[in-house]
Amino acid sequence: MGTETGDDAAVYRINDDTALIMTVDFFPPITDDPFEFGAIAAANALSDVYAMGGKPLVALNICGFPAALDKGILGEILRGGYSKTAEAQCLIVGGHTVDDPEPKYGLSVVGIVEPGKQTTNAGARVGDSLILSKPVGTGIITTAGKQGRVDPEVLQGAVNNMAALNRGASEAMTRVGVHACTDITGFGLMGHLKSMVKGSGVCAEINLGQVPTLPGTWDLLEQGIAPGGTGRNRDSVADAVRWHPDLSDNDQLLLCDAQTSGGLLMAVAGDKEEKLLAELTAEGTPCTSVVGRITDGPAGTIFANP
């Protein structure tokens, strides 16, 4: 698996029994707490391996940090990242740091999967249910946090959501067997679903009323708060999405909100839907929501409904 379908990670076969999953992700702070920032960045990077149905093995730190800033802050960032890789039973074996005016942190991660058993974003089939394992709204809430316009409890809820590993959701889908999966990050729910339907040559329906949102998200949207990336996401899916006339601008922005360390979006056969929901519940995933379906319609198209 290479770059053909814009998948979450690359997969390189070593032999008939083992393939490597390789990915990298890093970004600037989205919270003022350095430990939380490190934990979220690490969880986000690990998510690409989980989306492919793999197990993370080793990781390397990638860090940009201002030379003049207190090194204790850097230590807290790295400690936050270590806390998540330890939870994932993944070893940090080194890394690299450069002097950078703006702090940045993330991981290069290597995982393993049995060749042929990797889950890609390009295998969705007509009749599949679309199931999401985390609520959306982190882009809106963290933007409000940067502007000092969010309740601390609302912001902490988003932080906890972003720091949660997708390990349980990945293990659940591997046990049940799904046709396709992608993690929801910077391109938002609609952007990542667009890649799935395009790569799979299928059509999809998404129902806004079934999409779970973090507490406080709608209130902030009504105040006009949304990251610039969310608007750009809506522009980027304009060729693929057919918006229902009853969906407002805020409805559309919510579905396109740029996420950080979001959940897994899984396409599973309809007769396995209940089994997957039960397995996700048993794993304690943040949510278990059927948000739409894969349908027999124009390939690469998404119909967004109220």
query = Nearest 0.5 Å, what's the CD1-CG distance between Ile140 and Leu253?
reply = 7.0 Å
message = Using modelled atom types and a 3.5 Å cut-off, is there a donor and acceptor pairing between side-chain atoms of Thr23 and backbone atoms of Ala9?
response = no
message = So Asp25 and Asp48, do their side chains get closer than 4.5 Å, heavy atoms only?
response = yes
inquiry  = For Gln210, give me all partners under side-chain contact (heavy atoms from CB on, under 4.5 Å), at least two apart in sequence or on another chain.
reply    = Asn207
ask   = Quick one: does Thr142's side chain have a donor or acceptor within less than 3.5 Å of a partner on Gly145's backbone?
value = no
Any donor-acceptor N/O pair, Lys275 side chain to Asp271 backbone, under 3.5 Å = no
request  = Report yes or no: does Asp257 contribute a side-chain atom to a donor-acceptor pair with the main-chain N or O of Gly139 at less than 3.5 Å?
outcome  = yes
ask   = Using a distance-only test with no angle check, is there a side-chain donor-acceptor pair under 3.5 angstrom linking Asn250 and Gln252?
value = no
ask   = Under 6.0 Å from the CG atom of Asp32, do we count more than 12 heavy atoms belonging to anything else shown?
value = no
ask   = Are the side chains of Ile14 and Leu20 in touch, meaning some heavy atoms are under 4.5 Å apart?
value = yes
query = For Thr301 and Val197, which heavy atoms make the closest approach, and how far apart are they?
reply = N-CG2, 4.2 Å
message = Less than 3.5 Å apart, any donor N or O on the side chain of Ser47 or Asn44 sitting next to an acceptor on the other?
response = no
ask   = Hey, what else clusters with Val24 if you join Ile, Leu, Val, Met, Phe, Trp, Tyr whenever side-chain heavy atoms sit under 4.5 Å?
value = Phe26, Ile62
Euclidean distance, Asp183 CG relative to Asn121 CG, rounded to 0.5 Å = 10.0 Å
message = Side chains of Asn160 and Gln156 only: does a donor on one sit below 3.5 Å from an acceptor on the other?
response = yes
inquiry  = Test side-chain contact (heavy atoms from CB on, under 4.5 Å) on Lys55 and Val49; report intermediate values, then the result.
reply    = CA-CA 7 Å; Lys55 172 182 171 53; Val49 174; 5.8 Å; no
task = Go through the side-chain N and O atoms of Ser129 and Arg293 and say whether any donor and acceptor fall under 3.5 Å apart.
result = yes
inquiry  = According to ring-ring contact (aromatic ring centres under 6.0 Å, His included), does anything in residues 55-103 pair up with another residue at least two apart or in another chain? List the pairs.
reply    = none
request  = May I ask you to decide if Ala172's main-chain N or O and Glu283's side chain share a donor-acceptor pair within less than 3.5 Å?
outcome  = no
ask   = Does Asp100 reach the side chain of Pro66, with side-chain heavy atoms less than 4.5 Å apart?
value = no
Aromatic plane relationship, Tyr105 with Phe37 - under 30° parallel, 30 to 60° tilted, over 60° perpendicular = perpendicular
task = Could you tell me whether Asp16 atom CG has more than 12 heavy atoms of other residues or ligands within 6.0 Å of it?
result = no
query = What closest approach, in Å, do Ala258 and Thr138 show between heavy atoms, and which atom pair accounts for it?
reply = O-OG1, 4.2 Å
request  = Could you tell me which non-hydrogen atom of Gly262 sits nearest to which non-hydrogen atom of Thr185, and how far apart they are?
outcome  = N-CG2, 4.3 Å
ask   = Do Leu69 and Phe35 belong to the same hydrophobic cluster, where Ile, Leu, Val, Met, Phe, Trp and Tyr are linked whenever their side-chain heavy atoms lie under 4.5 Å apart, directly or via other members?
value = no
Within one Ile-Leu-Val-Met-Phe-Trp-Tyr cluster: Val109 and Ile112, side-chain cutoff 4.5 Å = no
request  = Could you walk me through whether Asp17 and Glu114 pass the side-chain contact (heavy atoms from CB on, under 4.5 Å) test, one step at a time?
outcome  = CA-CA 6 Å; Asp17 301 315; Glu114 184 178 335; 5.9 Å; no
request  = Could you tell me whether the side chain of Lys134 and the main chain of Ala164 form a donor-acceptor pair under 3.5 Å?
outcome  = yes
ask   = Do Leu130 and Ile206 have side chains that get closer than 4.5 Å, going by heavy atoms?
value = yes
ask   = Roughly how far, to the nearest 0.5 Å, is CZ of Arg79 from CG of Leu74?
value = 12.5 Å
request  = Examine distances only and state if a side-chain atom of Asn166 and a backbone atom of Ala169 form a donor-acceptor pair shorter than 3.5 Å.
outcome  = no
task = Could you please spell out the steps behind the side-chain contact (heavy atoms from CB on, under 4.5 Å) verdict for Leu60 and Leu107?
result = CA-CA 6 Å; Leu60 296 168; Leu107 298 174; over 6 Å; no
request  = First locate atom CG of Leu265, then atom CG of Leu132, and finally report the distance between them rounded to the nearest 0.5 Å.
outcome  = 6.0 Å
task = Can you measure from CG (Leu247) to CG (Asn305) and round to the nearest 0.5 angstrom?
result = 7.0 Å
query = Got a donor-acceptor contact below 3.5 angstrom from the Thr285 side chain to the Cys287 backbone?
reply = yes
ask   = Any side-chain heavy atom of Phe27 within less than 4.5 Å of one from Pro103?
value = no
request  = Tell me, please, which residues at least two apart from Phe187 pass ring-ring contact (aromatic ring centres under 6.0 Å, His included).
outcome  = His192
Pairs involving residues 218-264, ordered by first then second residue, that meet ring-ring contact (aromatic ring centres under 6.0 Å, His included) (sequence neighbours left out) = none
note = Closest non-hydrogen atoms of Asn161 and Pro135, given as atom of the first, atom of the second and distance, are OD1-CD, 3.3 Å
Contact check, side chains of Thr120 and Gln118, non-hydrogen atoms, under 4.5 Å = yes
ask   = Got Val136 and Thr217 here, is their nearest side-chain heavy-atom distance under 4.5 Å?
value = no
query = Step by step, would you call Arg167 with Gln89 a side-chain contact (heavy atoms from CB on, under 4.5 Å)?
reply = CA-CA 10 Å; Arg167 177 180 178 178; Gln89 297 180 321; 3.1 Å; yes
query = In the hydrophobic cluster built from side-chain contacts under 4.5 Å, what are the other members alongside Leu277?
reply = Ile131, Met173, Val176, Val178, Leu264, Met266, Val268, Leu276, Leu280, Val290
request  = Give a yes or no on whether Val110 and Ile21 share a hydrophobic cluster (residues Ile, Leu, Val, Met, Phe, Trp, Tyr; joining criterion: side-chain heavy atoms under 4.5 Å apart).
outcome  = no
request  = Determine whether more than 12 heavy atoms belonging to other residues, nucleotides or ligands lie under 6.0 Å from atom CD of Glu102.
outcome  = yes
request  = Look up atom OG in Ser83 and atom CG in Leu78, then write down how far apart they are to the nearest 0.5 Å.
outcome  = 11.0 Å
inquiry  = Which heavy atom of Ala267 sits nearest to which heavy atom of Met196, and what is that distance?
reply    = CB-SD, 4.2 Å
message = Hydrophobic cluster membership, with links at side-chain heavy-atom distances under 4.5 Å among I/L/V/M/F/W/Y: are Leu91 and Val113 in one?
response = no
key: Side chain to side chain, Pro152 and Leu155, heavy atoms closer than 4.5 Å   = no
note = Thr260 and Ile40 have their tightest heavy-atom pair at CG2-CG2, 3.8 Å
message = Using a 3.5 Å distance criterion without hydrogens, assess whether the side chain of Lys194 forms a donor-acceptor pair with backbone atoms of Ser236.
response = yes
